[in-house]
*Asks:* 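Could you have a look at this structure, given as structure tokens, before my questions?
Because the structure is predicted, anything quoted here is derived from the model rather than measured. Just so you know, ligand 1 is whichever comes first in the structure, and atom 1 is the first atom listed for that ligand.
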Amino acid sequence: MRAGFLAMAAMAMPLALAGCEAPPAVYVDGGYVRLNPNPQAPSAAYFKIHAGNEPIVLRGVMTEQAVRLEIHESVTQDGMASMRRIENMEIPARSTVSLAPGGKHIMLWSINPTALEAGKMSFTFIFSNGDRVIADAVIQKAGDDAESDHSSH
Ligand SMILES: [Cu+2]
């Protein structure tokens with residue numbers, strides 16, 4: 001009996017060590033889309049991107065549910081609010097970068113009507129280490145909040 005127990009414990013140990021060495025992966029959550037009340041104008045999507053133990057760079061975002069997508073950053077220059085396109089986004093090790101109203105956001109043109117009806121969209125985030133992370137965003141109805149990022153587009 002005793003010998004059998006020891007053998008099992010010895011077998012379990014390498015597994016536990018492997019678990020410690022695996023770095024926590026990058027993940028994305030908290031997604032939502034703010035619909036522009038003007039259907040001709042772009043809408044914005046927001047997320048939280050969490051890095052693991054290593055710094056990581058977001059290289060791009062894709063969705064099949066919009067005609068066009070860009071990653072933007074809101075900037076205020078000489079008192080004028082505007083936006084610029086960003087290609088890469090660095091997420092420092094063990095930290096979170098929030099895409100939020102007034103800051104970085106994903107701009108969406110012509111969201112698929114089926115996605116609008118379903119009330120959610122799916123995005124794929126592509127990272128510098130080759131990871132592809134799929135994250136959903138709930139679509140918020142236009143007019144929930146008068147403040148919007150795309151008013152200056
Ligand atoms: Cu924008």
Side-chain angles (χ1 to χ4, degrees), residues 14-153:
L15 285 173
L17 285 172
C20 288
E21 282 163 17
V26 60
Y27 69 99
V28 180
D29 63 7
Y32 65 98
V33 173
R34 245 192 214 174
L35 271 192
N36 196 313
N38 174 3
Q40 309 300 316
S43 296
Y46 306 103
F47 285 93
K48 285 180 166 46
I49 305 168
H50 311 267
N53 285 333
E54 302 291 328
I56 201 162
V57 178
L58 177 66
R59 295 271 191 233
V61 182
M62 301 188 305
T63 181
E64 291 179 354
Q65 294 160 329
V67 171
R68 191 171 138 218
L69 176 158
E70 288 180 5
I71 306 172
H72 281 187
E73 184 169 38
S74 296
V75 289
T76 304
Q77 212 163 14
D78 304 323
M80 292 283 290
S82 66
M83 294 190 246
R84 64 165 176 243
R85 192 174 176 176
I86 49 178
E87 299 295 334
N88 294 305
M89 193 186 299
E90 279 181 44
I91 298 107
R94 292 178 295 276
S95 69
T96 299
V97 169
S98 292
L99 284 70
K104 297 183 177 82
H105 55 278
I106 296 167
M107 200 111 267
L108 300 164
W109 283 264
S110 304
I111 297 169
N112 185 322
T114 311
L116 292 177
E117 230 167 84
K120 67 171 187 154
M121 294 181 69
S122 187
F123 295 83
T124 304
F125 291 74
I126 302 152
F127 293 96
S128 49
N129 65 351
D131 277 6
R132 284 170 175 240
V133 176
I134 295 169
D136 284 348
V138 175
I139 299 175
Q140 294 183 348
K141 291 256 184 325
D144 284 356
D145 191 335
E147 192 80 37
S148 94
D149 258 321
H150 22 72
S151 51
S152 58
H153 266 283

*Asks:* How wide is the angle at the Cu ion (ligand 1) between SD in M83 and SD in M107, to the nearest 10°?
*Replies:* 130°

*Asks:* For L69 versus M62, what's the shortest heavy-atom pair and its separation?
*Replies:* CD1-C, 4.2 Å

*Asks:* Which atom name does H72 have for its N/O/S atom nearest to the Cu ion (ligand 1)?
*Replies:* ND1

*Asks:* When you measure from the side chain of S128 to the backbone of I56, do you find a donor-acceptor pair of N or O atoms at a distance under 3.5 Å?
*Replies:* no

*Asks:* Over all heavy atoms of both residues, which pair between D29 and H50 is shortest? Give the atoms and the distance, please.
*Replies:* OD1-NE2, 2.8 Å

*Asks:* Keeping the roles fixed (side chain from N112, backbone from T114), state whether a donor-acceptor pair exists under 3.5 Å.
*Replies:* yes

*Asks:* Do you see an N/O/S atom of S74, backbone or side chain, under 2.8 Å from the Cu ion (ligand 1)?
*Replies:* no

